[in-house]
Amino acid sequence: MLGKGVVGGGGGTKAPKPSFVSYVRPEEIHTNEKEATEKEVTLHLLPGEQLLCEASTVLKCVQEDSCQRGIYGRLVCTDFKIAFLGDDESALDNDETQFKNKVIGENDITLHCVDQIYGVFDEKKKTLFGQLKKYPEKLVIHCKDLRVFHFCLRYTKEEEVKRIVSGIIHHTQAPKLLKRLFLFSYATAARNSPATDPKKHAVMFDTLQDWCRELERTKGNMKYKAVSVNEGYKVCERLPAYFVVPAALLEEDIVFFQGRGIPIWCWSCHNGCALLKMSALPKEQDDGVLQIQKNFSDRIYKTVHRPPYETAKTEDLSSNFLSLQEIQMAYSKFKQLFLIDNSTEFWDTDIKWFSLLESSSWLDIIRRCLKKAVEIIECLEAQNMNVLLLEDNASDLCCLVSSLAQVMMDPHCRTIFGFQSLVQKEWIMGGHCFLDRCNHLRQSDKEEHQRQLSLPLTQSKSSPKRGFFREETDHLIKNLLGKRISKLINSSEELQDGFREFYDGWHSRPPSYQGLLLPRLEGPEIKVWAQRYLRWIPEAQILGGGGVATMSKLLEMMEEVQRLQEKVEVRHHSQEALQAEAASPPRTSGRLSSLFPFALLQRHSSKPVLPTSGWKALGDEDDLAKREDEFVDLGDV
Amino acid sequence: MASAPTSKYNSHSLENESIKRTSRDGVNRDVGEPLPRLPGEIRITDKEVIYICPFNGPIKGRVYITNYRLYLRSLETPIFAFLNEEKFNVDGWTVYNPVEEYRRQGLPNHHWRITFINKCYKLCDTYPALLVVPYRASDEDLRRVATFRSRNRIPVLSWIHPENKTVIVRCSQPLVGMSGKRNKEDERYLDVIRETNRQVNKLTIYDARPNVNAVANKATGGGYESDDVYHNAELFFLDIHNIHVMRESLKKVKDIVYPNVEESHWLSSLESTHWLEHIKLVLTGAIQVADKVSSGKSSVVVHCSDGWDRTAQLTSLAMLMLDSFYRSIEGFEILVQKEWISFGHKFASRIGHGDKNHADADRSPIFLQFIDCVWQMSKQFPTAFEFNERFLITILDHLYSCRFGTFLYNCESAREKQKVTERTVSLWSLINSNKDKFKNPFYTKEINRVLYPVASMRHLELWVNYYIRWNPRIKQQQPNPVEQRYMELLALRDEYIKRLDELQLANSAKLSDPSASPSSPSQMMPHVQTHF
């Protein structure tokens with residue numbers, strides 16, 4: 001122990017502290033009550049949206065320059081969202097309002113975005129659920145998009161507190177019927193969806209033609225066929241109405257086990273090899289049934305292993321890869337690192353940031369997903385083999401691995417429409433159970449509470465299979481942005497030579513962005529996707545910095561080039577010399593923050609953020625730390 | 001560079017004259033070449049010895065005994081910088097001129113004067129000849145203050161804020177000692193510094209060390225400015241560890257990246273090196289200094305023990321945050337030349353140029369740590385620096401290479417004695433004669449913008465392109481696709497501007513000669529590859 005520094009001295013033993021510290025008494029909070037009364041903000045309701053309950057004189061606490069500021073306003077709960085109506089917009093620059101979300105405002109939280117609700121009772125933070133006996137002074141809402149809201153209820157009438165708190169708890173936690181989801185009342189109320197040009201939107205894969213076109217595009221139509229056997233979901237409800245199978249496959253085989261045990265086409269590589277997926281046959285005990293299953297499998301095997309089909313390698317994702325529980329556990333630990341209540345919490349966790357990240361194992365999971373996709377690509381590209389992904393329902397890890405591989409191999413999937421089409425094809429039509437995985441109906445409450453008991457450390461209060469699609473998109477988007485991300489490699493022994501050769505070979509050549517793209521899998525470049533995960537944290541904001549700074553330079557330059565291009569064209573076509581036209585001023589993007597375009601954080605001054613607890617003892621290096629820099633003999637001075 | 005060829009010539013002629021001279025003067029000598037012998041001269045024996053030269057001190061060498069003579073051959077090879085005959089069209093030694101740099105800052109002014117009291121390095125042998133001190137402090141005052149500051153490194157001005165006139169002053173620790181000695185002149189001197197700025201009635205002192213170390217330093221005669229003696233000063237400790245801790249930390253970084261990159265627990269291994277934690281503390285300290293001067297409107301005194309390691313890091317980083325001039329290529333060179341080289345960061349001791357003793361306790365990667373901090377800032381503000389990553393890596397490569405004289409020796413007085421500027425080439429000659437290679441295409445000049453990096457682990461990264469650049473597995477995407485795209489656009493823009501000028505000319509020509517018709521755009525324009 002080296003003792004405490006005068007500033008920032010975080011060393012030494014810490015007294016047990018309350019689980020929630022407000023740091024500012026509400027009386028101390030500067031409010032803009034006067035302005036609020038002058039400028040009443042009206043509630044903006046979507047078609048079909050209904051106001052359920054509300055409370056006035058609620059104080060929303062915002063962190064600003066490491067102190068807190070309060071804004072008075074109304075807190076409302078509708079059947080779609082929780083909204084705070086206060087005079088918060090006054091601080092916004094025009095630059096910032098430009099990027100406002102038109103449906104969900106800065107102070108809106110959709111009911112389904114609520115992750116966890118806490119109440120603060122005598123400076124103690126407690127999770128809120130069910131019926132409350134006592135109502136909190138402060139409501140803290142953690143959102144699934146990692147925003148954190150603090151609403152102080154101290155000045156609100158008791159009646160209103162009861163109504164709004166129990167209303168919010170009920171509407172964000174009680175099980176819901178599918179037909180009661182807001183989107184249905186919205187769709188009924190807002191019927192006029194504009195007609196869209198089919199060429200200008202994603203392929204939905206809900207017609208036979210869509211699949212045929214995809215087959216043509218990837219030149220898979222020689223060996224694979226689109227089938228309509230499941231029209232009206234006669235064969236199976238999990239499968240889409242139309243899908244693609246090997247041309248040699250008999251339709252009756254598809255029907256035999258309701259679409260199980262047959263290879264379903266995902267994508268064809270330029271060399272003719274295909275990526276296929278298959279849901280496993282039902283697990284049976286009965287010998288007779290097992291024999292039937294075996295015969296069936298053999299027949300299918302023979303069909304797809306005979307020319308013109310390449311030999312297929314089976315990747316069993318159910319047993320040899322990540323489990324859904326692992327992914328869920330990792331994500332719930334990981335997201336907790338970004339749900340930060342206050343500045344003190346931010347800096348307290350900053351010192352051990354890397355080990356916290358590592359213990360969530362989220363980045364390691366991401367690495368393993370990417371690595372699996374690269375392994376599959378190696379099979380397809382280098383070994384000229386088909387790859388058959390096998391999973392119980394072929395609707396979780398199959399979607400993940402198959403779409404990752406396609407993003408890496410198929411440049412079309414890196415365009416906006418191409419990516420949307422890929423999501424539609426692999427995830428929506430691929431039968432990923434979004435409703436369960438995201439728990440939109442909040443059905444597994446019982447199961448959840450049990451789980452919460454068994455996992456007190458992770459504070460996991462969610463179904464084990466959530467957080468799934470998110471991970472996928474995170475990393476796909478990163479790829480789309482042209483950032484090749486690199487992930488850890490577990491142990492090099494496990495890597496086959498072929499894989500290594502393929503991977504190293506690719507990385508030793510200059511990449512072509514119009515072809516295969518392989519992400520880096522090594523450790524040191526493993527990075528948190530800062531723009532998503534840190535976007536609401538004021539301490540993490542770099543004013544005028546971050547990757548967006550170069551991006552906006554690039555966009556400005558693109559605009560300038562475009563402008564010059566037009567000018568040159570005009571000059572050519574006009575016979576007489578043009579008057580020197582007033583050059584349209586280049587777009588002067590204001591100074592953007594690293595969190596652009598997400599956080600609408602208002603920082604009025606340019607005060608730096610300073611760590612509040614930076615210092616810690618070095619443990620084993622104590623001896624060194626005590627040494628003098630130089631031998632100083634100052635005795636005779 | 002005008003004088004360099006003559007001096008080289010001189011040193012070569014010396015070699016011919018006196019073959020026994022030591023290599024200290026930078027004369028080349030090939031140790032492997034055979035001993036020149038006269039016909040009939042036979043070697044009897046030889047032995048490795050240390051010769052105590054009455055003029056130059058001890059010299060390691062091999063003594064040969066023949067039937068004719070004793071012959072000592074030095075084993076010490078001269079540093080390459082003295083032999084380097086590279087020629088550049090720019091002389092890097094002229095980049096930094098202290099008078100010009102102080103003039104750029106608006107100095108001298110009513111409150112600050114330039115003094116030549118240290119012209120012959122008599123006041124302080126590790127300080128530069130030229131110093132900026134308070135106008136109201138006489139040379140006699142300075143001498144008295146020097147007796148109370150470790151190694152006579154008195155508080156002198158590093159930077160002055162162009163608007164609010166607050167200053168960053170650097171020095172070494174006061175010689176308080178166990179008995180708590182006081183020095184009236186020192187106390188008054190700091191008060192005079194405080195009075196140069198009337199906006200706040202406190203002077204802020206940042207002691208870079210952890211509190212405990214500052215206390216412990218009293219035992220060896222050092223210490224810190226306690227507030228019961230320095231009434232008008234506020235003292236803060238910045239908790240930055242000493243050179244030994246930094247050295248060990250870098251060793252650990254090496255262990256996790258070489259020969260193999262630690263794979264299974266990369267993040268926790270990285271954390272256990274503490275390297276980024278130290279970077280965070282150094283940056284945090286510099287932010288505090290910069291913020292105090294900029295928005296706290298208080299003048300700041302920065303010191304550590306001797307004021308040549310952590311102090312240099314803090315002042316130079318704070319200056320980089322405050323003054324956009326230092327973010328240009330030449331500005332940065334001036335910053336390094338001023339805060340590090342002229343103010344006596346002990347490059348020779350910290351790097352150990354030409355010294356066999358690699359385990360010396362004086363070694364420490366303090367300057368590397370500073371460059372790492374600069375890199376972290378440039379990562380966070382990718383448009384704020386005129387120079388690119390290559391510039392920083394080049395500086396570090398030549399910190400160790402000894403190809404240039406820039407980082408040789410511990411202080412200005414030693415450099416002057418060795419005539420470094422005459423006998424060696426400056427690193428800045430290499431860089432400034434080929435500036436394009438070191439330029440950041442995204443650079444946007446912004447005057448008066450203070451840059452505060454975020455000193456959080458969430459944003460700090462290990463500098464992979466430097467620390468792991470030799471590992472083929474970790475090869476970075478070169479060139480960066482965003483940068484590549486930007487360069488393409490820049491070229492395209494220039495092309496269009498050229499075309500427009502040509503069209504302008506063609507149009508005015510056409511007015512006089514209506515028969516000429518312009519060619520079609522498709523013929524004239526290069527194929528546009530960038531899609532919009």
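Order of the sequence lines fixes the chain letters, A, B, ..., with proteins taken first and strands second; residue numbering starts at 1 for each chain.
Nearest heavy atom pair, residue Arg493(B) against residue Glu560(A), reads CD-OE2, 3.2 Å. Heavy atoms only, all atoms of each residue included: Ala455(B) and Trp347(A) are closest at O-CZ3, 3.4 Å. When every heavy atom of Phe381(B) is checked against every heavy atom of Leu543(A), the shortest pair comes out as CE2-O, 3.2 Å. For the residue pair Met457(B) and Phe354(A), the shortest heavy atom distance occurs at O-CZ, 3.9 Å. When all heavy atoms are compared, the tightest approach of Leu267(B) to Leu363(A) is CD1-CD1, 4.1 Å. Smallest separation of non-hydrogen atoms from Glu539(A) and Val454(B): O-CG1, 3.3 Å.
Of the two parts of Arg310(B), only the side chain, counted from C-beta on, holds a non-hydrogen atom closer than 4.5 Å to a non-hydrogen atom of chain A. Of the atoms belonging to Thr284(B), heavy atoms from both backbone and side chain fall under 4.5 Å from chain A. For a residue to count as touching a neighbouring chain, one of its non-hydrogen atoms must lie under 4.5 Å from one of that chain's; by this rule Leu462(B) does not touch chain A. Leu554(A) touches chain B through backbone and side chain together, each having a heavy atom under 4.5 Å away. The contact between Asp350(A) and chain B is made by backbone and side chain atoms together, counting heavy-atom distances below 4.5 Å. In this structure, chain A has no heavy atom under 4.5 Å from any part of Ile366(B).
Taken from CE in Met558(A) to CZ in Arg485(B), the straight-line distance is 5.5 Å, to the nearest 0.5 Å. Going from atom CG of Leu270(B) over to atom CG of Leu357(A) covers 11.0 Å, rounded to the nearest 0.5 Å.
Judged by the 6.0 Å and 45° rule, Arg458(B) forms a cation-pi pair with Phe346(A).
The main-chain N or O of Gly544(A) is found under 3.5 Å from a side-chain atom of Arg449(B) such that the two form a donor-acceptor pair. Between the side chain of Arg627(A) and the main chain of Asn242(B), no donor-acceptor pair closer than 3.5 Å is present.
Not counting sequence neighbours, the partners of Ala286(B) by the side-chain contact (heavy atoms from CB on, under 4.5 Å) test are Leu314(B), Leu317(B), Met321(B). Taking the side-chain contact (heavy atoms from CB on, under 4.5 Å) definition, one finds that Ser359(A) meets it with nothing, sequence neighbours left out.
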Quiz item: Between Lys567(A) and Leu500(B), is a side-chain contact (heavy atoms from CB on, under 4.5 Å) present by the stated rule, with each step listed?
Solution: CA-CA 8 Å; Lys567(A) 227 165 146 183; Leu500(B) 274 172; 4.2 Å; yes
Practice problem: For His459(B) and Leu534(A), run side-chain contact (heavy atoms from CB on, under 4.5 Å): C-alpha distance rounded to whole Å, both residues' side-chain angles, the deciding distance at 0.1 Å, then the answer. | Solution: CA-CA 10 Å; His459(B) 286 301; Leu534(A) 299 176; 4.0 Å; yes
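You'll find the side chain of Pro524(A) stays beyond 4.5 Å of the side chain of Val257(B), heavy atoms only.
Of all the listed residues (Asp504(A), Leu356(A), Leu337(A)), the one sharing the greatest number of non-hydrogen pairs under 4.5 Å with chain B is Asp504(A).
Checking each of Val450(B), Leu283(B), Leu451(B), Ile287(B) against Pro608(A) for a side chain to side chain contact (heavy atoms under 4.5 Å, CB included) leaves exactly one that passes, namely Ile287(B).
A donor and an acceptor atom, one from each side chain of Lys553(A) and Thr383(B), are nowhere located under 3.5 Å apart.
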